Asker: 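Mind having a look at this structure? Questions to follow.
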Amino acid sequence: KAGVTQTPRYLIKTRGQQVTLSCSPISGHRSVSWYQQTPGQGLQFLFEYFSETQRNKGNFPGRFSGRQFSNSRSEMNVSTLELGDSALYLCASSVTSGGTEQYFGPGTRLTVT
Amino acid sequence: GENVEQHPSTLSVQEGDSAVIKCTYSDSASNYFPWYKQELGKRPQLIIDIRSNVGEKKDQRIAVTLNKTAKHFSLHITETQPEDSAVYFCAANTGGFKTIFGAGTRLFVKA
């Protein structure tokens with residue numbers, strides 16, 4: 001099976017812009033979680049989607065949003081970008097939610113200038 | 001809120017020695033504890049996991065132990081090799097659609 005894929009891999013944006021990141025899970029996986037990884041903060045949970053519904057959300061402002069489509073692909077959107085949003089954004093897929101193995105994508109490196 | 005503390009943040013060992021990384025979780029409802037290895041510039045990879053109904057699990061040179069009473073779980077790597085050098089993350093999941101990660105341990109294995 002193909003692994004988790006993310007597009008784009010690299011992105012440079014300026015403050016105030018918005019960005020959309022995409023994640024395609026492993027075939028058959030219905031859960032997609034998003035994480036922000038920064039050197040100082042480790043892996044921070046953003047949200048998880050299962051069957052097109054957001055099941056849980058981390059402690060991030062409302063500028064961070066997401067959605068999941070019927071084919072389980074997921075997108076994450078960040079509006080009004082700030083310098084502090086510069087990070088590696090990772091998505092992870094699993095067969096189902098709640099205590100099952102997650103497989104990570106390669107990530108999208110977002111740089112905000 | 002939920003929290004996972006991980007220690008040490010950096011660990012340096014000689015090749016062939018053992019390495020131990022410890023984590024503590026706060027949510028007593030946590031029931032699934034995976035460990036991930038992330039090499040420089042690569043994605044985190046699941047290396048071993050344990051569920052709350054098991055006290056210990058082993059896979060070749062890697063083992064994980066869980067103490068539910070103390071809310072502690074640990075990763076043990078024996079006979080370390082240079083290719084074990086990476087950042088290791090512990091995590092806890094409550095089954096409630098949320099996985100909380102520790103801050104990571106940077107392991108250096110010196111040849």
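This structure is a prediction, so every number in the text was calculated from the model and none was measured.
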Asker: Heavy-atom cut-off 4.5 Å, strictly under: side chain, backbone, both or neither for A/Gln37 against chain B?
Answerer: side chain
Asker: NZ of A/Lys57: more than 12 outside heavy atoms within 6.0 angstrom?
Answerer: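 Enclosed: over 12 neighbouring heavy atoms sit under 6.0 Å from NZ of A/Lys57.
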Asker: More than 12 foreign heavy atoms under 6.0 Å from CZ of A/Arg9: is that the case here?
Answerer: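 Counting other residues, nucleotides and ligands, CZ of A/Arg9 exceeds 12 neighbours.
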Asker: Given the options A/Gly42, A/Ala92, A/Gly105, which has more heavy-atom pairs under 4.5 Å with chain B than any of the others?
Answerer: A/Gly105
Asker: Which bit of B/Phe33 is near chain A, if near means a heavy-atom gap under 4.5 Å: side chain, backbone, both or neither?
Answerer: neither
Asker: Report which part of B/Gln38 has an atom under 4.5 Å of a heavy atom belonging to chain A: side chain, backbone, both, or neither.
Answerer: side chain
Asker: Classify the ring geometry of A/Tyr103 against A/His29: parallel below 30°, tilted from 30° to 60°, perpendicular beyond 60°.
Answerer: tilted
Asker: With only heavy atoms counted, which part of B/Pro44 is less than 4.5 Å from chain A, the side chain, the backbone, both or neither?
Answerer: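 Contact with chain A is through both the backbone and side chain of B/Pro44.
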Asker: Between A/Leu90 and chain B, with a heavy-atom cut-off of 4.5 Å, which part of the residue counts as in contact: side chain, backbone, both or neither?
Answerer: side chain
Asker: Is it the backbone or the side chain of A/Tyr49 that comes under 4.5 Å from a heavy atom of chain B, or both, or neither?
Answerer: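 The answer is neither part of A/Tyr49.
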Asker: So, B/Asn93 and B/Thr99: side-chain donor and acceptor under 3.5 Å apart, yes or no?
Answerer: yes
Asker: Would you check if the side chain of B/Ser85 reaches a backbone N or O of B/Val109 as a donor-acceptor pair within less than 3.5 Å?
Answerer: yes
Asker: Of all the heavy-atom pairs spanning A/Met76 and A/Phe64, show the shortest one and how long it is.
Answerer: CE-CD2, 4.4 Å
